[in-house]
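Heads up, the thing below is written out as C-alpha cells.
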Amino acid sequence: MQQALRQPGRVAADLLALPSKYGKLYEEFIVSNASSIGSIESALRSLTYIVPGRFRDAEIASESLHSGVQLLSLYHNSLLARAVARLPKAQQPHPSPHNRYTQYWTKNSSAYRRLALTVQVIQYTELLCEMAAKRRGEAARWRVVTILESLKALCRLLLLRLTNSRPLLSPPLPEREIDPSTLEDGASNNPPDIASPPSERSEETQWTMPRTGLSLPTLPSSGDISSYLLSKVLTADDVKPPKALLHRVSGLGEFAEVLYILRPVVYAFAMAHYARRGKSAAWQPWLLGVAMEYGARQLAKRDVADRRAGGLRGLTALEKDELKKRGWGLAWWAMRGAFYEQYTSRWIHGVSSSLKGKPLLDMVGGIIEDYEFLWDQYYFPTATI
C-alpha cells in the first residue's frame with residue numbers, strides 16, 4: 001500500500017527531472033559540436049536572405065526563421081559561455097574589451113542581465129511583431145513600433161542608471177568569441193597519450209601533467225610564432241578593471257547619452273503622427289531624428305574634449321569602437337523616411353535594374369529588389385539600436 005502511494009510521487013519527480021535531463025544532454029551536444037552548430041546557424045541566416053519575395057507571405061516565414069535562429073543563437077551563447085567558464089584558465093580564450101565589460105555586469109548584476117536580455121530579445125523579434133501588426137492595419141503597426149521603441153528606451157535608461165551613467169554598448173550582452181576546437185577538445189573525454197613522445201603528438205593536443213592534472217598550453221607552429229607572441233602582449237586596457245573600460249559621463253555627456261537613447265522613440269512617434277495624417281513621406285520626422293542623433297554625437301565628443309585628459313585620444317579602445325559604431329549608424333539615415341523615398345530608393349532601383357540579364361549579377365539584383373519591399377514597407381529593417 002505504501003509503495004503504491006509512493007509511486008505517483010516518484011513518477012511526478014521523474015517527470016520534473018526530464019527537462020533538466022534533456023537540457024543537460026542538449027548542452028553536451030552543443031558543446032561537443034560547437035563548430036558545426038555555428039555553421040548551421042550561419043546557413044539558416046543565409047537562407048533568410050533569399051526567401052523574401054519567393055512565395056506568398058514569404059517575408060513572415062523568413063523573419064520567423066530569422067528571429068528563431070537569433071533567439072536560439074542567444075541561448076547557445078549562454079551554453080558555450082558556461083562551458084568556457086569550466087575550462088582550465090590556461091585554455092580559456094582572452095575576452096575582447098566588449099566581452100570583458102559586459103561579462104562583468106552580467107555576472108555582478110542580475111538586473112543588468114535581465115534588462116540586457118530583454119533588449120536583445122526585442123531586437124531579434126521586433127520586425128516579426130511589426131509584420132504581424134501590419135496585417136491589422138497601419139495604425140496597429142505604428143502602435144506596435146512605438147511601444148517596442150519605448151520599451152527598449154526604458155530598458156536602456158535603466159541600464160544607464162545601473163552602470164552608474166556609463167555609455168551603453170551595442171549589443172549589451174557578451175558576444176560569441178569562442179574557438180570551437182577548444183570546446184570540442186575539452187568536451188571529449190579522450191585524454192592525450194602521455195606515453196607517446198612530443199614529436200608524435202599533434203600540435204593541437206594539450207599535454208596534461210599526470211601529478212597535478214594541469215594542462216600545458218599548446219605551442220604554436222613555427223610559422224606562427226610572431227602572431228602568437230603578439231597575442232600575449234598586454235595593452236593598457238588589458239590590465240584595467242572591467243568597469244574602467246568605459247568612463248562615467250555626467251552633465252553634458254549624460255544628457256547626450258539620454259538624447260541618443262530617446263532618439264528612436266521620438267522619431268517613431270513623429271513618423272506615426274505624420275502617417276496618421278497621410279503624410280508618411282514628410283521631412284519633419286527625418287530631420288528631427290537626424291538632428292537628435294547628430295546632436296547627441298557632437299555633445300558627447302565635446303564633453304570628452306572638455307572633461308577627459310587627452311580628449312578623444314584619451315578614449316579607451318572600447319569607447320573608440322562604440323563611437324565608431326554610432327558613426328556608422330548615422331549612415332543608416334539614408335535608408336529611412338523621406339530621404340529614402342526621395343533619393344535612396346531611386347538609386348537602389350536603378351542599381352537592381354542595371355544588374356538584370358547579367359550572369360550571377362542578376363540573382364544579386366533580384367535579392368536587392370526583394371529587400372526593397374522590406375525597406376519600403378517596414379520601420380525596423382533600418383533600425384540601428
Quiz item: Using a distance-only test with no angle check, is there a side-chain donor-acceptor pair under 3.5 angstrom linking Y101 and W105?
Solution: yes

Quiz item: So does F373 have more than 12 non-hydrogen atoms from other groups sitting under 6.0 Å from CZ?
Solution: yes

Quiz prompt | Partner residues of F29 under the ring-ring contact (aromatic ring centres under 6.0 Å, His included) criterion, sequence neighbours left out | solution = none

Quiz item: H76: what forms a ring-ring contact (aromatic ring centres under 6.0 Å, His included) with it, not counting sequence neighbours?
Solution: Y26

Quiz item: Has the side chain of N108 got a donor or acceptor atom that lies under 3.5 Å from a matching backbone atom of Y104?
Solution: yes

Quiz prompt | Which atom of H247 lies closest to which atom of P167, heavy atoms considered | solution = O-CD, 3.3 Å

Quiz item: Can Y260 be reached from L160 by stepping across I, L, V, M, F, W or Y side chains whose heavy atoms are under 4.5 Å apart?
Solution: no

Quiz item: Do L169 and H98 touch side chain to side chain, with heavy atoms closer than 4.5 Å?
Solution: yes

Quiz prompt | Validation row: L168, I385 side chains within 4.5 angstrom (heavy atoms) | solution = no

Self-check item: same_hphob_cluster(I261, L252) at 4.5 Å side-chain heavy-atom cutoff
Solution: no

Quiz item: Between K134 and E130, is a salt bridge (Lys or Arg N to Asp or Glu O under 4.0 Å) present by the stated rule, with each step listed?
Solution: CA-CA 6 Å; K134 188 177 175 65; E130 184 184 1; over 6 Å; no

Quiz item: Quick one: are Y340 and I348 in side-chain contact, heavy atoms under 4.5 Å?
Solution: yes

Quiz prompt | Sole residue of R166, R248, R326 in salt bridge (Lys or Arg N to Asp or Glu O under 4.0 Å) with E257 | solution = R326

Self-check item: Closest contact, heavy atoms only, P174 versus Q103
Solution: CG-CG, 3.6 Å

Self-check item: salt bridge (Lys or Arg N to Asp or Glu O under 4.0 Å) contacts touching residues 346-355 (sequence neighbours left out)
Solution: none

Practice problem: Could you check if a side-chain atom of Y379 sits within less than 4.5 angstrom of a side-chain atom of R141, using non-hydrogen atoms only? | Solution: yes

Quiz item: Can you get from L259 to L262 by hopping between Ile, Leu, Val, Met, Phe, Trp and Tyr side chains that sit under 4.5 Å apart?
Solution: no

Self-check item: Any pair counted as salt bridge (Lys or Arg N to Asp or Glu O under 4.0 Å), so long as it reaches residues 94-104, sequence neighbours left out
Solution: none

Quiz item: So which residues get pulled into L117's cluster when ILVMFWY side chains under 4.5 Å apart are joined, directly or through others?
Solution: L71, L74, V121, Y124, L173

Quiz item: What's the shortest heavy-atom distance between A140 and R136, and which atoms?
Solution: CB-CB, 3.8 Å

Quiz item: Can you list every pair that meets side chain to side chain donor-acceptor pair (under 3.5 Å) and has a residue in residues 285-294, with sequence neighbours left out?
Solution: R263-E293, E293-W333

Quiz item: Can you tell me if Y112 uses its side chain to pair, donor with acceptor, with the backbone of P172 under 3.5 Å?
Solution: yes

Under 3.5 Å, sequence neighbours excluded: what are the donor-acceptor pairs made by side chains of residues 265-275?
unit_1, atom_1, unit_2, atom_2, d
H273, NE2, R277, NH1, 3.4

Practice problem: Could you state whether L330 and L288 fall into the same hydrophobic cluster, counting links through intermediate Ile, Leu, Val, Met, Phe, Trp or Tyr residues with side-chain heavy atoms under 4.5 angstrom apart? | Solution: no

Quiz item: Looking at C155 and V119, what are the two nearest heavy atoms and their distance?
Solution: CB-CG2, 3.5 Å

Quiz item: Measuring from F380:CZ to L374:CG, what's the distance to the nearest 0.5 Å?
Solution: 13.5 Å

Self-check item: Shared hydrophobic cluster, M292 / W332 (ILVMFWY, side-chain heavy atoms < 4.5 Å)
Solution: no

Quiz item: Hey, what do you get for OG (S78) to CD1 (I30), rounding to the nearest 0.5 Å?
Solution: 10.0 Å

Quiz item: Rounded to the nearest 0.5 Å, how far does NE2 of H66 lie from CD of Q70?
Solution: 4.0 Å

Quiz item: Other than V249, what residues sit in its cluster of Ile, Leu, Val, Met, Phe, Trp and Tyr side chains whose heavy atoms are under 4.5 Å apart, directly or through others?
Solution: none

Practice problem: Answer yes or no: is there a side-chain heavy-atom contact under 4.5 Å between R176 and E41? | Solution: yes

Self-check item: Residue pair A256 / L299: nearest heavy atoms and the distance that separates them
Solution: CB-CB, 3.8 Å

Quiz item: Out of curiosity, L162 CG to L157 CG, how far, rounded to the nearest 0.5 Å?
Solution: 11.0 Å

Exercise. Give every residue pair that meets the salt bridge (Lys or Arg N to Asp or Glu O under 4.0 Å) criterion with at least one member in residues 146-157, sequence neighbours excluded.
Key: E126-K152, E149-K152

Practice problem: Indicate yes or no: at least one non-hydrogen side-chain atom of R307 is less than 4.5 angstrom from one of S250. | Solution: yes

Practice problem: Look at atom CH2 of W283 and say whether more than 12 heavy atoms of other residues, nucleotides or ligands are closer to it than 6.0 Å. | Solution: yes

Quiz item: When Ile, Leu, Val, Met, Phe, Trp and Tyr are grouped by side-chain heavy atoms lying under 4.5 Å apart, directly or through other members, which residues fall in the same group as L315?
Solution: V304, L312, L323

Self-check item: Test item: S67 side-chain N/O and S64 main-chain N/O as donor-acceptor pair under 3.5 Å
Solution: no

Self-check item: Distance in Å, L246 CG paired with K240 NZ, rounded so as to fall on 0.5 Å steps
Solution: 10.0 Å

Quiz prompt | Crowding at CZ, F255 (>12 non-hydrogen neighbours, <6.0 Å) | solution = no

Quiz item: Would you say the side-chain atoms of E63 pair up with the backbone N or O of M131, donor to acceptor, closer than 3.5 Å?
Solution: no

Self-check item: Whether E175 side chain and N99 backbone form a donor-acceptor pair below 3.5 Å
Solution: no

Quiz prompt | Gap between atom NZ of K301 and atom CG of D306 - 0.5 Å precision | solution = 13.0 Å

Quiz item: If you link I, L, V, M, F, W and Y whenever their side-chain heavy atoms are under 4.5 Å apart, who else ends up in the same group as L128?
Solution: none

Exercise. Looking only at non-hydrogen atoms, find the nearest pair between S170 and K325 and report the distance.
Key: O-NZ, 2.6 Å

Self-check item: Salt-bridge present (E319, R308; N to O < 4.0 Å)
Solution: yes

Self-check item: Of all pairs that satisfy salt bridge (Lys or Arg N to Asp or Glu O under 4.0 Å), the ones with a partner from residues 104-118, not counting sequence neighbours
Solution: none

Quiz item: Should the heavy atoms of other residues, nucleotides or ligands under 6.0 Å from CZ of R302 be counted, would the total exceed 12?
Solution: no

